[in-house]
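Working notes for the structure below.
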Amino acid sequence: MPAVAASPLSANRIPELDGIRGLAILSVLVWHYLGAILRSDSGVIAECLIAWLNMTWAGVDLFFVLSGFLIGGILLDQRGQPGYFAAFYARRFGRILPPYLLLLAIYFLVTALANMNTTRGRYWLLGEAMPGLSYLLYVQNFVMASCGGFGANALGITWSLAVEEQFYLMLPLALYLVRPARL
């Protein structure tokens with residue numbers, strides 16, 4: 001069987017970073033499925049477990065740092081290339097926008113069809129969304145911060161995507177404008 005040549009992007013891939021990114025995601029999932037449901041009035045063991053599980057929030061920070069490192073490296077490698085901005089944004093938006101718009105479409109369709117008064121769980125999942133335009137403009141994190149909550153829990157997770165998209169808007173320009181010696 002002939003050997004398959006590595007693509008230029010995969011030649012610089014650091015598999016260990018994929019493992020760390022996996023641990024970051026796992027820690028966030030652990031928080032959402034264990035830490036967020038425990039109550040401190042459940043006893044001493046629950047309080048200790050909650051204290052330990054609170055550290056899993058660091059997975060979000062770790063994921064942001066890794067994304068910044070990886071995306072920054074790609075941008076630095078491609079700095080000065082023709083179509084620098086167009087190629088970067090086409091890849092980012094092509095990867096992120098379709099599933100995100102699908103999520104928003106499903107959410108707003110389901111909420112339009114659902115009777116919010118029937119169950120408390122349905123309201124918890126679907127009710128109190130931030131304004132729809134804030135999700136489309138990736139500024140729901142600012143709206144969430146000003147309201148002091150995540151809004152509808154089905155879309156509460158999108159705050160981190162908004163932060164990531166804001167980062168994608170700023171970093172390419174910053175890396176392009178700053179002299180290489182200053183970087």
Next on the checklist: Looking at Tyr84 and Gln78, would you say the former's side chain and the latter's main chain have a donor-acceptor pair under 3.5 Å?
Outcome noted: no
Next on the checklist: When you compare the side chain of Leu29 with that of Thr56, does any pair of heavy atoms fall below 4.5 Å?
Outcome noted: no
Checklist entry - Excluding sequence neighbours, so at least two apart, what forms side chain to side chain donor-acceptor pair (under 3.5 Å) with Arg92? => result Tyr168
Next on the checklist: With a 6.0 Å cut-off (strictly less than), is the heavy-atom count around OH of Tyr89, excluding the residue itself, greater than 12?
Outcome noted: yes
Checklist entry - Can you list the residues that meet the side-chain contact (heavy atoms from CB on, under 4.5 Å) rule with Ile157, with sequence neighbours excluded? => result none
Next on the checklist: Considering only residues two or more places apart or on different chains, which pairs with a residue in residues 172-183 satisfy side chain to side chain donor-acceptor pair (under 3.5 Å)?
Outcome noted: none
Checklist entry - Which atom names give the shortest non-hydrogen contact between Arg91 and Ile74, and what distance separates them? => result NH2-CG2, 3.8 Å
Checklist entry - Mind checking whether Leu75 and Val65 sit in one hydrophobic cluster, side chains of I, L, V, M, F, W, Y counted as touching below 4.5 Å? => result no
Checklist entry - What residues form a salt bridge (charged side-chain N to carboxylate O under 4.0 Å, His left out) with Arg21, not counting sequence neighbours? => result Asp18
Checklist entry - With hydrophobic residues grouped by side-chain heavy-atom distances under 4.5 Å, do Leu70 and Ile14 end up in a single group? => result yes
Item to check | Ala152 versus Leu126, closest heavy-atom pair with distance | outcome: CB-O, 3.5 Å
Checklist entry - Taking all atoms of both residues into account, what is the closest heavy-atom pair of Met130 and Gly149, and its distance? => result CE-O, 3.8 Å
Checklist entry - With sequence neighbours left out, what residues match Leu26 under side-chain contact (heavy atoms from CB on, under 4.5 Å)? => result Val30
Next on the checklist: I'd like to know if Leu102 and Phe93 are part of one continuous hydrophobic network [Ile/Leu/Val/Met/Phe/Trp/Tyr, side-chain heavy atoms within less than 4.5 Å].
Outcome noted: yes
Next on the checklist: Hydrophobic clustering (ILVMFWY, side-chain heavy atoms < 4.5 Å, transitive) - are Ile71 and Met170 grouped together?
Outcome noted: no
Item to check | Which residues share a side chain to side chain donor-acceptor pair (under 3.5 Å) with Glu165, sequence neighbours left out | outcome: none
Checklist outcome for this item: Smallest heavy-atom separation, Met144 atom then Trp159 atom, equals SD-CB, 3.6 Å
Item to check | Non-neighbouring partners of Leu62 that pass side-chain contact (heavy atoms from CB on, under 4.5 Å), sequence neighbours left out | outcome: Ile20, Ala24, Leu66
Checklist entry - Are Leu155 and Val110 connected in the hydrophobic side-chain network, where two residues link if heavy atoms are under 4.5 Å apart? => result yes
Checklist entry - Does any pair with a residue in residues 129-143 pass side chain to side chain donor-acceptor pair (under 3.5 Å), and if so which ones, sequence neighbours excluded? => result Tyr100-Gln140, Gln140-Thr158, Asn141-Gln166
Next on the checklist: A side-chain contact here means heavy atoms from C-beta on lying under 4.5 Å apart; do Phe63 and Ser67 qualify?
Outcome noted: yes
Checklist outcome for this item: Heavy atoms of Pro172 and Phe167 approach each other most closely as CD-O, 4.1 Å
Next on the checklist: I need the Ile96 CD1 to Leu101 CG distance, nearest 0.5 Å.
Outcome noted: 11.5 Å
Checklist entry - Quick one: side-chain contact (heavy atoms from CB on, under 4.5 Å) partners of Leu137, sequence neighbours excluded? => result Leu133, Val139
